[in-house]
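Below: the structure, in structure tokens.
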Amino acid sequence: MAHQAPARAGADQRERTADRELRRRATAVIPGGMYGHQSAGPLPPEYPQFMRNGRGARVWDADGNCYVDLMCSYGPVVLGHQHPKVEEAARAQAELADCQNGPAPVMVDLAELLVATVRHADWAMLAKNGTDATTMCCTIARAHTGRRRILVARGAYHGAAPWCTPRPAGVTPEDRANLGYYTYNDMESVQAAVTAAGDDLAGVVVSPFRHDAGFDQELVDPSFARGVRALCTQAGAALILDDVRCGFRLHLGSSWEPIGVMADLSAWSKAIANGYPLAAVLGSGTFREAAASIFVTGSFWFSAVAMAAAAATVGALREENAIEAMAARGTELREGITAQAAARDLDIRYTGPASMPYLSFAGDRNHELASVFAAAAVRAGAYLHPRHNWFVSAAMTEADLATALAATDAGLAAVQSHLANHDK
Ligand SMILES: Cc1ncc(COP(=O)(O)O)c(C=O)c1O
């Protein structure tokens, strides 16, 4: 394995041959060359499309170029790549079996562990992707209430099924017919949407904080969370917390536990198995019967390896104080970048929780400056994103942080010269 040093800022001197050749082949056999959130198409050309391996907080692309990983596979990798305890648990289960005629005993172990860890949960159901989990929450809420309407925040992302995909292609109005909309952190708008739903309100889906891609992040106003909770209770509707992106990154007991607001149903995926494919719906006793009444399944939903990985992930998160480690490293990253921007007289906004930050530039149009920044940071060896929140893993060392900060400074220097050239 070629552990090449992170590339220097300036001209892109990294080897790109393997990536170019894979992209050429992919264009012939994969629609659009690539699809979904991992398509490098909309990113600056400096981004590799194909990744080869990862360890701790470092990843290597198909050409062997090394990066400090500030995207963590868009969220799943929370303890770092190839975490020894998670890999060992997955390997031990794989030696027994993965996909069988029935679930392995580890499914019960994991359900018990999740119920013991997440405060509002009395039961757990497992699936594969975050979209499975958010969709199941809506189905359970409807089964419980016998009503149709689900409220979501305008612009929030809850997955890629027709009811929630952000792209209109292939979606019919009927797919969205039973949705109502509110504005995040705006209690009046929730009240109005609840009133409009009348006696047909099944549930309200809400994210732990406003983490819409492409926008500055907004932490939840605790009075908003409490207000939504009260309205759901009053209406007999389900409060559905979409913890797919934040779950096990902000708090082990669910992301709203610190503010004392309990969901009825919560959707999980991404970080729960440190990169192994797994999702979960957790719920309170009131919704247990409805959860048992719906038919949901999938060929791979009962596969045991990801469940063993999840049980080990939850254990390691606790043993290693991973939440605190991510917050501490994230704070150092924020302080470092904020100081770099001040030294270069750049007006940045650094929003979101320390371990899930988002960087934008004052007056930036169409993410032009963010793209200049990200492209230079990638060239200098930090894999981050110009329009999506970043993720800080618990595996990040002081050395990783130093490399990341050297790369972000290269990114800020590129923005400074871009602005200087523009002003001429
Ligand atoms: C908040 C949130 N909900 C749901 C999803 C959908 O998860 P998945 O892509 O695993 O289906 C995502 C994915 O990014 C997410 O961030």
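Keep in mind that this is a model prediction, so the values were computed, not measured. Each ligand, and each atom within it, is numbered from 1 in the order the structure gives.
- F209 and H211 have perpendicular rings, their planes meeting at more than 60° on a 0 to 90° scale where under 30° would count as parallel.
- Residue G130 has at least one N or O atom closer than 3.5 Å to an N or O atom of ligand 1.
- Ranking the protein heavy atoms by distance from atom 3 (N) of ligand 1 puts D242 OD2, 2.7 Å first.
- Among all protein heavy atoms, the one lying closest to atom 11 (O) of ligand 1 is T131 OG1, 2.5 Å.
- Contacts between Y74 and ligand 1, counted as non-hydrogen atom pairs separated by less than 4.0 Å, are absent for every part of the residue.
- The two residues V205 and Y182 come nearest to each other via the heavy atoms O-OH, 2.6 Å.
- Between W163 and H158, the ring planes are parallel. Angles under 30° get that label, and only those over 60° would be called perpendicular.
- The shortest N/O to N/O separation between S269 and ligand 1 does not fall below 3.5 Å.
- Between Y383 and Y47, the two ring planes are perpendicular [angle over 60°; tilted spans 30° to 60°].
- Where the criterion is an N or O separation shorter than 3.5 Å, residue side chain and backbone included, K270 meets it with respect to ligand 1.
- For F391 and Y74, the gap between ring centers reaches or exceeds 6.0 Å.
- Near H211, with a cut-off below 4.0 Å to any heavy atom, the atoms of ligand 1 are 1 (C).
- Of all protein heavy atoms, the one lying nearest to atom 5 (C) of ligand 1 is V244 CG1, 3.6 Å.
- When atom types are taken as modelled, the side chain of S269 and the backbone of L278 share a donor-acceptor pair closer than 3.5 angstrom.
- Taking the six-membered ring for Trp and the full ring otherwise, Y358 and Y350 have centroids separated by 6.0 Å or more.
- If you check which protein heavy atom lies closest to atom 16 (O) of ligand 1, you get R245 NE, 2.9 Å.
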